[in-house]
Amino acid sequence: MALLTVLCYPDPRLHKVAKPVAQVDARIQKIVTDMADTMYEAPGVGLAATQVDIHERILVIDVSDSQNELMVFINPELVWVSPEKKLWREGCLSVPEYFDEVDRPAVVRVRALDINGKEFEVEADGLLAVCLQHEMDHLQGKVFVEYLSMLKRTRISLKLKKRAKELIGER
């Protein structure tokens, strides 16, 4: 079990756009395993490779109550979104201890490759739809707080920078 370091907002590496995975091989499968271990340990329901400073289009998600239904999305593409929107309270492993509401499409359809490189498509609503959109934003270099007002973003950024300095000072 290899735990990866999760980047914390406003780290500029969170704004890098991820490149497509050329081939699903043992290297990618190891990244997926390490990402899943990191997500479960955090604990979280989703993690994008960008958040662990790997800039390839890889997501791991598990929205099950028992945290035993890992979903892997390699090179995910949003192929359809519903016109209906839903306001959902979101959090993020890269923005610890902060939650806020984001308005997103209520239903989405995503096409991706699984851990074996096989293409699949999933239609999602509820938490899975939110999680997919949230994690796919990370692959585009976007953090959920960017949907919030500039005032809120600035406040969050300052608070997290201060916290990081305090943690460094404690060492």
Taking all atoms of both residues into account, what is the closest heavy-atom pair of [X] and [Y], and its distance?
X	Y	result
Ala42	Gly44	CB-N, 3.9 Å
Pro10	Lys161	CG-CE, 3.5 Å
Leu14	Thr50	O-CG2, 3.8 Å

Requested in this report: Check the pair Thr38 / Leu93 against side chain to side chain contact (heavy atoms under 4.5 Å, CB included), numbers first and verdict last.
Outcome: CA-CA 10 Å; Thr38 303; Leu93 296 178; 6.0 Å; no

Between [X] and [Y], is any pair of side-chain heavy atoms under 4.5 Å apart?
X	Y	answer
Glu146	Asp137	no
Gln51	Leu7	no
Leu132	Pro76	no
Cys8	Arg163	no
Val145	Lys152	no
Leu47	Leu59	no
Asp125	Val107	yes

**Report entry** For Glu41, all residues meeting salt bridge (Lys or Arg N to Asp or Glu O under 4.0 Å), sequence neighbours excluded
**Finding:**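 In terms of salt bridge (Lys or Arg N to Asp or Glu O under 4.0 Å), with neighbours along the sequence ignored, Glu41 is linked to no residue.
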
Kindly work out whether a path of hydrophobic side-chain contacts (I/L/V/M/F/W/Y, heavy atoms less than 4.5 Å apart) joins [X] to [Y].
X	Y	result
Val122	Val32	no
Ile74	Met71	no
Met39	Val45	no

Query raised in the report: Does any N or O in the side chain of Gln67 come within less than 3.5 Å of the main-chain N or O of Tyr40, such that one atom is a donor and the other an acceptor?
Result: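 A pair under 3.5 Å: no.
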
Requested in this report: Just grab all the ring pair (Phe, Tyr, Trp, His ring centres under 6.0 Å) pairs involving residues 122-161, residues at least two apart or on different chains.
Outcome: His134-His138, His134-Phe144

Query raised in the report: Using 30° and 60° as the class limits, which term best fits the ring planes of Phe120 and Phe73: parallel, tilted or perpendicular?
Result: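 Rings of Phe120 and Phe73: tilted, as their planes differ by 30° to 60°.
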
Query raised in the report: Applying side chain to side chain donor-acceptor pair (under 3.5 Å), which residue pairs with at least one partner in residues 20-30 are found, sequence neighbours left out?
Result: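 For residues 20-30: Arg27-Glu56, Lys30-Asp34.
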
Report summary line: Residue pairs meeting side chain to side chain donor-acceptor pair (under 3.5 Å), one or both in residues 75-88, sequence neighbours left out, come to none

**Report entry** Lys/Arg-Asp/Glu bridge criterion (N-O < 4.0 Å) met for Glu97, Lys159
**Finding:**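 Looking at Glu97 and Lys159, the cut-off is not met.
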
Query raised in the report: Partners of Ser64 by side chain to side chain donor-acceptor pair (under 3.5 Å), sequence neighbours excluded?
Result: Asp62

Query raised in the report: For Tyr98, what residues pass the side chain to side chain donor-acceptor pair (under 3.5 Å) criterion, not counting sequence neighbours?
Result: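 Here the qualifying residues are Asp100.
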
Query raised in the report: Given the rule in the side chain to side chain contact (heavy atoms under 4.5 Å, CB included) test, do Arg57 and Gln140 qualify, once you have shown the distances and angles that lead to the verdict?
Result: CA-CA 9 Å; Arg57 296 186 57 77; Gln140 295 302 320; 3.0 Å; yes

